[in-house]
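I have placed the structure first, in the form of C-alpha cells, so that the comments after it can refer back to it.
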Amino acid sequence: MPTIRLPGLIDPHVHLREPGGTHKEDFESGTRAALAGGITTVLAMPNTQPPLIDSVSLVLAEDAAARHAVCDYGLYLGASGENIYTAKGLAPRCVGLKFYLDATFGPLHLKDLGTLRAHFARWPADRPIACHAEERTLAAVLMCAWLEQRRVHICHVSRRDEIELIRDAKMRGVNVTCEVCPHHLFLSTEDIPFLGAGRSEVRPRLALKNDQAALWANLDVIDCIATDHAPHLPAEKDGPNPPPGFPGLETSLALMLTAVNRGRLALEDVVRRMYDHPLRIFGLPEQPDTWIEVDPDATWTVRGADLHSRSGWTPFEGWTLRGRVERVTLRGREVYRSGAFNVEPGAGRNVAPGTQSTGEIHP
Ligand code: DOR
Ligand code: ZN
Ligand code: ZN
C-alpha cells in the first residue's frame with residue numbers, strides 16, 4: 001500500500017521516569033517508543049524522583065535527556081510551594097510549568113489556592129502553563145486564568161462536565177486549550193472487568209460511556225491528542241498498590257487512524273491535534289525536515305511484548321489497529337524504518353527556547 005507523509009508528531013504529555021524510575025522507562029526506551037509510534041517530539045513531565053522543580057533537578061534531567069534521548073524533547077518544570085520565586089528564571093529552559101492539582105502518581109501534589117495564584121501571577125505570560133485539574137479543580141484553574149488574563153492548557157480531559165465547562169469557558173473568551181488521551185477516547189469503566197482492577201488504574205480514572213461519548217461529541221473543543229504515556233511495570237500494576245497510568249506512545253497514532261478509517265474524524269483533524277496545535281500552544285520550532293511515513297491501511301495487532309517501552313504491557317493488548325508507521329525522518333536523517341532503528345542515544349534535541357542555540361548540556 002502507498003504510504004502517506006505526515007509531519008513528525010508532537011506529544012505534549014509524556015512520563016519518561018528519568019531520573020529515579022528508570023526500571024519503568026528512561027529517556028532512551030521512552031523516546032524509542034515515541035519514534036516507533038510516529039512521535040518525534042515528546043514533552044516530558046516533572047513528576048520524577050527527584051521532582052523537577054529547581055535548577056539542580058533540571059540539570060539532572062537535561063543531562064540525562066541530552067545523553068539518552070533519540071527523539072526531540074522538552075522538559076516541564078513542576079510547580080511547588082518551594083519554587084514560586086525561582087520558577088520564572090528557569091522558564092527559558094522548560095517547555096512549560098506543570099501543576100498537579102489532584103492526587104496522582106508522584107510527589108508534586110499542590111493543594112493550596114494561594115500557591116496556585118502566586119505561580120499564575122509570576123510565570124512568564126508568554127510561556128505555557130499545563131494543569132492536571134479534574135472536576136471542580138478545573139473550575140478553579142479557569143477562574144485563576146481569567147483573573148490573570150493568561151492562557152492555560154488543561155491536561156487529559158476525561159469527563160462530560162469538564163469538556164462542557166471548557167467549551168463554555170472558550171465561548172466566553174477564557175484563553176484555555178486542552179488535550180484528551182486516546183485511552184479516554186477508546187476505553188471506559190466498562191473495560192475495567194477485562195483489564196483487571198490494577199491494570200485499569202489511571203488518573204484521571206476511566207470514565208463512564210456517557211463521558212466517553214461527550215469527548216467524541218466535543219472534538220471541536222479538543223486542541224490536542226496527548227498520550228499521558230505513564231509506564232509502570234506489569235508486576236507493579238498487578239501488585240497490592242497499583243500505580244496509575246498506561247503506556248501509550250506506540251498506540252496513539254494507530255488508534256486515531258483506526259478512528260479515521262471508521263469515519264469518526266478526518267485525517268486532517270488528527271494531524272491538527274497531534275502536530276499543528278501542540279506546535280502552536282507550546283511555541284515549538286517548525287521542523288520541515290522531520291516527517292513520518294505511514295501506511296494508513298496496514299493492520300496490526302497490539303502486543304505489549306512487541307512494544308519498545310520498558311513497561312512491556314498495554315491496555316490495548318490484542319486490539320487490531322489500522323495504520324502503521326513505516327519510516328521516521330528526524331531532522332533530515334532516517335532514524336526508523338520498518339521496525340528497525342538507526343539512531344544513537346543523544347540524537348534527540350531539547351526544543352525549549354533557551355536551549356536551542358547549543359543543544360548542549362547546561363552547566
Ligand atoms: O495515570 C497517571 N499516571 N496520571 C497521572 O497524572 C500521573 C501518571 C504517572 O506519572 O504515572
Ligand atoms: Zn495528570
Ligand atoms: Zn501525566
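Order of listing sets the numbers, starting from 1, for every ligand and every atom in it.
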| field | the Zn ion (ligand 2) to nearest N/O/S of His132 less than 2.8 Å | value | yes
| task | Mind telling me whether Phe316 and Trp319 have parallel, tilted or perpendicular rings, with 30° and 60° as the class edges? | result | perpendicular
| note | heavy-atom search around atom 3 (N) of ligand 1 in the protein gives Pro244 O, 3.0 Å
| request: Please round to the nearest 0.5 Å and tell me the distance separating atom CD of Glu135 and atom CD of Glu162. | output: 6.0 Å
| query | Got a sec: does the CZ of Phe341 have more than 12 other heavy atoms crowding it under 6.0 Å? | reply | yes
| said: If the cut-off is 4.0 Å to any non-hydrogen atom of Val202, which atoms of ligand 1 fall inside it? | reply: 1 (O)
| Looking at ligand 1, does any of its N/O atoms fall within less than 3.5 Å of an N/O of Gly245? | yes
| request: Could you confirm whether His156 has any N/O/S atom lying under 2.8 Å from the Zn ion (ligand 2)? | output: yes
| message | Please determine whether the number of non-hydrogen atoms from other residues, nucleotides or ligands lying under 6.0 Å from atom CD of Glu286 exceeds 12. | response | no
| said: Can you name the atoms of ligand 1, numbered from 1 with element, that are less than 4.0 Å from a heavy atom of Arg17? | reply: 9 (C), 10 (O), 11 (O)
| task | Say whether Tyr76 and Phe105 are linked into one hydrophobic cluster, either directly or through other cluster members, by side-chain heavy-atom distances under 4.5 angstrom. | result | no
| task | List every atom of ligand 1 that sits less than 4.0 Å from any heavy atom of Asp228, numbering the atoms from 1 in the order shown and giving each element. | result | 4 (N)
| task | Have a look at the Zn ion (ligand 3) and estimate, to 10 degrees, the angle subtended by NE2 (His13) and OD1 (Asp228). | result | 90°
| said: As an exercise, identify every atom of ligand 1 less than 4.0 angstrom from a heavy atom of His132. | reply: 6 (O)
| At what distance, to the nearest 0.5 angstrom, does OG1 of Thr290 lie from CG of Asp72? | 6.5 Å
| task | May I ask whether His232 has any heavy atom positioned less than 4.0 angstrom from an atom of ligand 1? | result | yes
| note | ligand 1 atoms nearer than 4.0 angstrom to some heavy atom of Thr104 are 2 (C), 4 (N), 5 (C), 6 (O), 7 (C)
| note | min-distance protein heavy atom vs atom 1 (O) of ligand 1 -> Arg203 N, 2.8 Å
| Which ligand 1 atoms are under 4.0 Å away from a heavy-atom of Ala230? | 3 (N), 8 (C), 9 (C), 11 (O)
| task | Using distance alone, decide if ligand 1 has a nitrogen or oxygen within less than 3.5 Å of any nitrogen or oxygen in Phe105. | result | no
| field | Interatomic distance, Leu77 atom CG to Met45 atom CE [nearest 0.5 angstrom] | value | 12.0 Å
| said: Whether the Arg32 and His68 side chains hold a donor-acceptor pair (N or O, under 3.5 Å, no angle test) is what I'd like checked. | reply: no
| Lys88 to Tyr85, cation-pi by 6.0 Å centre distance and 45° axis angle | no
